[in-house]
Colleague: 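After the structure tokens below, expect a handful of questions from me.
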Amino acid sequence: EDDWYSWLQLALIDSNSGHHALALSEIDRAAKIDVDDPLISEARTLIVRHQAIDPVKFNQLTQQGPNASLFKTQNIK
């Protein structure tokens with residue numbers, strides 16, 4: 001499926017598995033599909049930093065809408 005959410009989920013899975021280069025290419029693909037979603041750019045920052053992303057919290061954030069933030073839930077600046 002060629003939608004941003006599928007690519008973002010793959011990126012999160014691969015990043016959490018230690019495949020950061022692959023995760024970056026997947027997150028970049030998600031960003032090309034949905035250029036305005038702040039969660040994508042926040043997830044990319046965490047992937048670059050090799051920080052784990054809790055998939056349960058992430059899924060909850062995607063349901064909260066455009067004001068949701070990974071950084072707020074993980075206390076990251």
Side-chain angles (χ1 to χ4, degrees):
E1 220 176 291
D2 200 23
D3 68 79
W4 71 271
Y5 187 77
S6 298
W7 287 108
L8 186 54
Q9 288 295 311
L10 286 172
L12 299 179
I13 291 167
D14 286 330
S15 179
N16 285 343
S17 297
H19 304 287
H20 302 290
L22 180 57
L24 284 174
S25 70
E26 293 163 343
I27 201 76
D28 288 343
R29 185 118 185 226
K32 287 179 184 177
I33 296 168
D34 186 357
V35 296
D36 294 326
D37 194 316
L39 286 178
I40 294 173
S41 61
E42 290 179 3
R44 187 180 201 292
T45 299
L46 296 176
I47 291 168
V48 167
R49 294 178 182 175
H50 297 191
Q51 292 177 300
I53 302 169
D54 183 338
V56 174
K57 286 183 183 178
F58 177 80
N59 286 332
Q60 292 170 346
L61 288 173
T62 59
Q63 295 173 3
Q64 290 178 13
N67 293 323
S69 173
L70 285 169
F71 293 159
K72 289 178 188 175
T73 62
Q74 294 192 7
N75 296 320
I76 298 170
K77 298 179 182 180

Colleague: Would you say V48 ends up clustered with W7 if hydrophobic residues are merged whenever their side chains have heavy atoms under 4.5 Å apart, either directly or through other cluster members?
Modeller: yes
Colleague: Determine which pairs satisfy ring-ring contact (aromatic ring centres under 6.0 Å, His included) with at least one residue from residues 18-49, sequence neighbours left out, and list them in order.
Modeller: H20-H50
Colleague: With a cut-off of 3.5 Å and sequence neighbours excluded, list every side-chain donor-acceptor pair involving residues 32-39.
Modeller:
unit_1, atom_1, unit_2, atom_2, d
D37, OD1, L39, N, 2.8

Colleague: Find the distance between CG (L12) and CG (L46) and round it off to the nearest 0.5 Å.
Modeller: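 L12 atom CG to L46 atom CG measures 9.0 Å (nearest 0.5 Å).
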Colleague: So which pairs with a foot in residues 6-26 pass salt bridge (Lys or Arg N to Asp or Glu O under 4.0 Å), sequence neighbours left out?
Modeller: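 Listed once each, the pairs would be none.
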Colleague: Would the distance check show the side chain of S25 and the main-chain N or O of L22 forming a donor-acceptor pair, the cut-off being under 3.5 Å?
Modeller: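 Flag set: sc S25 to bb L22 pair under 3.5 Å.
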Colleague: For N16, enumerate each residue passing the side chain to side chain contact (heavy atoms under 4.5 Å, CB included) test, keeping only those at least two apart in sequence or located in another chain.
Modeller: A52, I53, P55
Colleague: Counting only N and O atoms by type, is there a donor-acceptor contact under 3.5 Å from the side chain of S15 to the main-chain atoms of A11?
Modeller: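 Side chain of S15 to backbone of A11: no pair is present.
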Colleague: For the atom pair CD1 (I27) and CD (E42), what is the distance rounded to the nearest 0.5 Å?
Modeller: 10.5 Å
